[in-house]
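Before any comments, here is the structure.
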Protein chains: 2
Amino acid sequence: MLNQIDQVRRFNRIVSQRAGTLDQSYLGQGRPLGEARLLFEVGHDGGNARELRDRLGLDSGYLSRLLRALESQGMITVTPSEADRRVRDVRLTEAGRAQVETYDRLSDDLASSILAPLDERQKLKLVEAMAQVERLYRAAAVTVSAESPATVDARGCVDLYIRELNQRFDTGYDPDTAGPLDDSEFLPPDGVFVVARLDGKAIGCGGLKRLDFETGEIKRLWVSPEARGLGLGRRLLCELEGLAQQRGMAKVCLDTNGTLVEAQALYHAQGYVEVAPYNDNPYAQHWFEKTV
Amino acid sequence: MLNQIDQVRRFNRIVSQRAGTLDQSYLGQGRPLGEARLLFEVGHDGGNARELRDRLGLDSGYLSRLLRALESQGMITVTPSEADRRVRDVRLTEAGRAQVETYDRLSDDLASSILAPLDERQKLKLVEAMAQVERLYRAAAVTVSAESPATVDARGCVDLYIRELNQRFDTGYDPDTAGPLDDSEFLPPDGVFVVARLDGKAIGCGGLKRLDFETGEIKRLWVSPEARGLGLGRRLLCELEGLAQQRGMAKVCLDTNGTLVEAQALYHAQGYVEVAPYNDNPYAQHWFEKTV
DNA sequence: AAATTTACCTGACTAAAGTCAGATAATGTT
DNA sequence: AACATTATCTGACTTTAGTCAGGTAAATTT
């Protein structure tokens, strides 16, 4: 364990040395880092002052000044928004676009300079390892928290979940047939609903409801397609099992459709065993159970 | 190729976001980042003012002030060096050591916080990928340059090379028996000597000398044990082949001892074919040749 | 219509970071 | 011994980054 931490620290150190080089090549462009970062941000995701302020975490006064500096340099235009004339839309000028392209080229050059001394096999390996680190950093940045199934994010997840089932099931999927959509099942003290988020965006969910004194049922376990492969399904499942245990439940059960093969693989891997049907959900073809 | 560069850029972006977190946790310690970085550097690799200045890339006046600030806080002592009373040795005080330990703990915490949300398999994978990235970053940071075989670094490499042969050969190794140690063979225009460096330290070498009009011979190809596994042997070999080509040589040859199995594997992989003995080197058991 | 909130701007700050032109003392070179 | 070089220090800057307390105008709520 200590070795792992040491490795992470060494990694952080070496990698931020390199990242420092990047910053310095920005600075070399005769523009302070703050301005350069703002310009870069405007160039890539655009938006209004408010959004930029949030994304970069800047003080409103500071941002205002930076915007005016870039405006007087002819890099951006700042105009009141059509929809709400309090908010200011920020757009690149032609010159600004050229500048952002220069930054992009610098960034490319830095990337190339890292790859250049390596032979083909090494390049492939490095890029593969980088992708792996990136993926797992993303996985580590996911937060899972309990909240009401009625929040906007929770509803959004459930909607996407239903839409996906409808696409994947041979018969389509009508939530009403499966039983009444009753959010209150997932409310404390007996139930709970968890939402997974990455950078503030909801990317997965799961609900636990009480079937009887010693049994919980897990439902609506879903991970957004863009977040798959991060081990998030497993994490949500474990989280819900833990919450079931907290509620004094001795076992949890769940049902699933035959088309959801990856879900069934997950249940098996996590120690669930197939049991006889415990409900008459018309969409269910397999029923699982696990002692927690 | 473009995809590789994009991956490197995405990696840089995500990883430096994380590194930013590290900086901020330093800042939280009531000490400006510059001072904190300096203190950290003194704590881990110590040294005199000059070395610190080089490592951190600071202006001499700026460093001087930082040192005095830390001195007045009782974190470090700054004393003239015994050897050269112009240079100032910098050492941690007891309080300084405690402070550095606090930073270390923060750094550990950050590393843990990255690992914490992951399951065991993911942790292993992440640490493995980090080690891979680190290794290949080191490989990419190696520079290879031609220089006289008489420089301190070149001689140092050759000495280590000879010592290693002496250890590994069943018969031991006496350089004089193998032929006179004549540096001038490796001097332009006919010959050349290259030294590989990582962070300024010589970690490998190789020499090319002319045997006849169309033939070069590669000798003293060596990679420091600490730098093995970075593909450096291959890189040095390719470099020397290129230099042979520049000198109008049509082929290069080399000899080797049977105990150097990894060297022979390298020669085979790089397209060398075994040929009849072209010299009477008593230590040589295999002779190779390659058209360049 | 009045009160409140929101989005941004302005002026007046401070601290940190970094630069530059000498000055000083020890060391090396001729 | 004279001169040049090196390692560091000092004072006098500038720039960058960031904060804070109001202010204005548009939009929203009551």
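Sequence lines set the chain letters: A, B, ... in the order given, protein chains first and strands last, and positions in each chain run from 1.
For the pair A:R85 CZ and D:dT28 P, the computed distance is 12 Å after rounding to whole Å. The CG atom of A:D54 sits 13 Å away from the C1' atom of C:dC8 (whole-angstrom rounding). Atom CZ of A:R37 is separated from atom P of D:dG18 by 7 Å (rounded to the nearest Å). Distance, B:E51 CD to D:dT6 P: 17 Å, rounded to whole Å. Atoms CG (B:L38) and P (D:dT8) sit 13 Å apart, rounded to a whole Å. A:R31 places its CZ atom 16 Å from the P atom of D:dT15, with the value rounded to the nearest Å. The separation between B:N48 atom CG and D:dC9 atom P is 11 Å, rounded to whole Å.
Judged by distance alone, the side chain of A:T102 and the main-chain N or O of A:A98 form a donor-acceptor pair under 3.5 Å.
Residues satisfying the side chain to side chain contact (heavy atoms under 4.5 Å, CB included) criterion with A:S64, sequence neighbours excluded, are A:R68. For A:Q132, the side chain to side chain contact (heavy atoms under 4.5 Å, CB included) test picks out A:R135, A:L136, B:K125, B:A129, with sequence neighbours left out. With sequence neighbours left out, A:R163 forms a side chain to side chain contact (heavy atoms under 4.5 Å, CB included) with A:L160.
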Residues 45-54 of chain B, side-chain donor-acceptor partners within the protein, below 3.5 Å, at least two apart:
unit_1, atom_1, unit_2, atom_2, d
B:N48, OD1, B:R50, N, 3.1
B:N48, OD1, B:E51, N, 2.9

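Using a cut-off of 4.0 Å between Lys/Arg side-chain N and Asp/Glu carboxylate O, A:D199 and A:K201 are scored as not salt-bridged. A salt bridge is defined here as a Lys NZ or Arg NE, NH1 or NH2 lying under 4.0 Å from an Asp or Glu carboxylate O, and B:R138 with B:E226 fails to meet this definition. Between A:R220 and A:D183 a salt bridge is recorded (basic side-chain N to carboxylate O distance below 4.0 Å).
Taking every heavy atom of both residues into account, B:A154 and B:S148 meet most closely at CB-O, 3.6 Å.
Each of A:E35 and A:A83 was matched to the nucleotide of DNA chain D holding its nearest heavy atom; the match closer to the 5' end belongs to A:E35.
Sorted by residue number, the members of residues 56-81 of chain B with any non-hydrogen atom under 4.0 Å from DNA chain D read B:S60, B:G61, B:S64, B:R65, B:R68.
The nucleotide whose nearest atom lies closest to any side-chain atom of A:R88 is, among C:dC9, C:dT27, D:dA27, C:dC9.
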Distances for protein N/O vs nucleotides 4-6 of chain C N/O pairs under 3.5 angstrom?
unit_1, atom_1, unit_2, atom_2, d
C:dT6, O4', A:R86, NH1, 3.3
C:dT6, O2, A:R86, NH1, 3.0

